[in-house]
Amino acid sequence: MPINFDKLSIQDKKAYLDKMRHSAAHVLAESVKKIYPSAKLTIGPSIEDGFFYDFDVAEPFTPNDLASIEKEMEKSIKKDTYFSEREVTKEFAKSLIKDNPYKLEILAGISSNEKITLCSHSNGDFEDLCRGGHVEKTGDIKAFKLMSTSGAYWRGKESNPMLQRIYGTAWESKKSLKKFLIQREEAAKRDHRTIGRDLQLFYFDAVAPASPFFLPNGTVILNELYSFMRDLYKKYNYDEVVTPEIFNTDLWKKSGHYTNYSDSMYFINIDDFEYGVKPMNCPAAALLYKSQFHSYRELPLRFADFGRLHRYEKSGVTHGLNRVRTFTQDDAHIFCTIDQIDNEIKSFLNMLSESYKVFGFNNMRFTLSLRPEKRVGSDNLWDRAETTLQKILDGSTCDYSLEKGEGAFYGPKIDVFVPDAIGREWQLGTVQLDFSLPERFELEYTEESGSRVKCVVIHRAMLGSMERFLGVLIEHTAGSLPLWLSPLQVVAIPIADRHRQYCKSVVDKLKLSKFRARVDGSNERMNAKIRTAQLQKVPYMIICGDKESQNNSISIRSRDGINQEIINIDDFIDVLNDERSNRSYSHR
RNA sequence: GCCCACAUAGCUCAGUGGUAGAGCGCAUUCUUGGUAAGAAUGAGGUCCCGAGUUCAAUCCUCGGUGUGGGCUCCA
C-alpha cells in the first residue's frame, strides 16, 4: 500500500521521514561498500532534515566522490527492492562482522534479551546490523542529495579513531527537497559574516585570528547595545565597575583557572613575573568585593563588568562573531546571601526576557545543567541550589531541559540558547550559582549577629558575549536592524542637485534630535541612491525635490518600500523619536 | 586539536607551467533626475607566506598561516 504522505499527521510525517532517512543511510552504506569494498560500516542514523553514515575507509572521501556515490544510490533506488529484516543469533552475527571492530562493539552492547536483526534491501546481497525501522522499499526514498563529508570520531570520542562521515538529506518528494535546498540558500544569505561585510560592520585580519575589528557601523550597534544594557542596569539596580585585563598568575592560581583553564589563556612574562590575560571577570569581581568590608544590609551587591576577555579557542572551533578569541560580555556578579538567591535569579530571568523581547527572540531554549562528577561544595548545598533553580524554572513560562552532569564545577546553571540562520544553536544568556569563589577568596559579610559569613556568588550574562549576540541578531534580522540599532537611521536623497541644500537642512534638524542621518550627495540618479540605501538596510529614506522644498515637507520611504507619504519634518521626527525611545522592533 | 576543502583586485569569482581577467565597488567627466542599477573613461594585483621541482611556478610537490564545512571542546 503506497502511503499518502500529505494525509499523515505531523507526528506521522516526522516518523515516516525518520524511517526514510534512515533507510537512505542504508542505501548510502551499500553504495559506498560497492565502490570501496574495504570500507567498514559503523552507524547511520537519521537526523534533522536528513541522515549520515560513518565509515572507516583507507582514504577520506573528497567532495568529488559524492557524485559517484550518489549515482550508485540512484541505481539502488531505481531497483525498488524491499527492505527486510531477519533475526539471527549473536554468534551468527558475530561471525558475519568479525572483521569490523565497530559493529562488534555495537553487538557487544546489545543486551541478551534484545533481538538481533540484520537488515537488507537487496535480497541479501547487502546486509547491515541494524535494529530496524525502514520504509517498505528503496523506491520510497523519493528525493535525496548527498550534502557534505567530514571527519567524525568513532562514538564522538576524541581519543577514538576518526571515521569519515557523509551527510545527506532525504525527502518524500522532489518538491520538498527543492524547497529545503532553497531554504538553505536563503538562510546562507543571512549569514552574519556576509552581512557584516556588506554593511561594513566588522572584518577579520589574519594577524589577529578570530578577533573581530569593528568598523564604525558595527561600533554604533555595539554601543547601542551597551547603552540598552546600562538602561536595564539602572532599572534593576546594578552598579557598573571597571577592572584590569592582565593579572599576576598568583590570582589565576587562587581562582583555580591556572590548573583548570590555562590551556585557554594567554600568558605574558614581564619583569620576571608571569601574567595572565583574563578569560573571565569573576576573580576581578571577587577582589573588588573583598576590597571593602560588607554588611548584610548592603547585599545583594550587583557588579556589572563589560571587561574585554581573551580566550584561546582551538583553531578549528572559531566561527565569525559567534566564537571568537576576544570578546566582551554583559557580565555581572551578584554577591548575596543564600536566602536571596531565589529573588536574584527570578529578577534576572525577568530582565532577560524583558531584553530578549526587545530583539524579537522567541525561539530560545533553556537548559538547566546539574552537578558534574568533578565538583566543589557539599551535596547538601548542591541539592539546595539545584532545587532552587528548578523551582524557579518550573514557576516560569520557560520550557527547559535538564542536562545532567553539565553544570559548572562550582555550581548548577541555567543557559539560554538561540539558533542562527542555519539552525545551529548558540548559547547566549547564562546564570550560574557559585559556591567555590566565596570559599577561595573568602568573600564574607557581617550578618545581623555580628559574625562573618560567606556570601554566595551568582554569575550572569543576558546577551552573553556581545559579539556573539550581534552575530545571532544579524541573522535574525537579516541585517534589517530596528531603528535604534541601525548605524545609519535616515538617509536624505535629493532628486536633483539643487535639492541638496534642502536635504542638508532636513538632516541637520534630524541631527539636532540626535539621529544618525546623512545626505546621499553622490553623483548618482535618485533611483540608484534608493537602491543603495535599500541594500544598506537604512530604515528610512527621505526624498526631497521641488514639491518638498517648496512646502517644507519630506517624502518618506521606509526600507520595506511600501509606505511613501509626504509629511512635515517635525511630525516625522516625532514618529522617529517614538520608534527609537521604545526601541521598537520591526522585522522588515 | 582532528578530517576534508579552499586562498587570484576592496567584494564575488573566472583563468593559465611562459608574471593575469570579468562583474560589482572606487575615481574623474558627462548627465540633473520623482521612489531598487544613466553613460564614458580611468586607477587598482608580490595571484596568502616559505621552501622544492623546472630553462621558467600564480598554476605541480612539501611545509606554514588563515578561512569554510563537520568532529571534539566550550568551568
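First the proteins, then the strands, lettered A, B, ... as listed; each starts at 1. The figures that follow rest on heavy atoms only: side chains count, while hydrogens, waters and symmetry mates do not.
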For A/I43 and B/C71, what is the distance between atoms CD1 and P respectively, to the nearest whole Å?
-> 12 Å

So what does A/M162 touch, heavy atoms closer than 4.0 Å: a base, only the sugar-phosphate, or nothing?
-> base

Choosing from B/U32, B/G1, B/C4, which nucleotide comes nearest the side chain of A/R498?
-> B/U32

Would you please confirm or rule out a distance under 4.0 Å between OP1 or OP2 of B/A36 and any side-chain N or O of A/R557?
-> yes

May I ask you to say what A/I493 touches in the nucleic acid, namely base, sugar-phosphate or nothing, with a heavy-atom cut-off under 4.0 Å?
-> nothing

Has A/R155 got a side-chain N or O lying under 4.0 Å from the OP1 or OP2 atom of B/U72?
-> no

Hey, is the side chain of A/R468 poking within less than 4.0 Å of OP1 or OP2 on B/C74, counting only N and O atoms?
-> no

Ring centroid separation for A/H459 and A/Y410, is it under 6.0 angstrom?
-> yes

Residues A/R498, A/D546: salt bridge by 4.0 Å N-O rule | yes

Ion pair A/R371/A/E386, N-O distance below 4.0 Å | yes

For A/Y153, answer base if it contacts any base atom (sugar-phosphate contacts may also be present), sugar-phosphate if it contacts only those atoms, and nothing otherwise; contact means non-hydrogen atoms under 4.0 Å.
-> base

State whether A/Y261 places a side-chain N or O below 4.0 Å from either non-bridging phosphate oxygen (OP1 or OP2) of B/C74.
-> no

Between A/H319 and B/U67, is there a side-chain N or O to OP1/OP2 distance below 4.0 Å?
-> no

Could you check whether A/R424 gets within reach of a base, just the sugar-phosphate, or nothing at all, counting any heavy atom under 4.0 Å?
-> sugar-phosphate

How far does the P atom of B/A37 sit from the matching atom of B/G25, given to the nearest Å?
-> 12 Å

For RNA chain B, what dot-bracket results from Watson-Crick or G-U pairs at under 3.5 Å, with [ ] for crossers and | for inter-strand partners?
-> (((((((..((((....[..)))).(((((.......))))).....(((((..]....))))))))))))....

Spell out protein contact along nucleotides 24-31 of chain B as letters: B when the base is contacted, S when just the sugar-phosphate is, - when no protein heavy atom is under 4.0 Å; keep the 5' to 3' order.
-> -----BBB

Residue-phosphate contact under 4.0 Å: A/T62 side-chain N/O, B/A5 OP1/OP2 = no

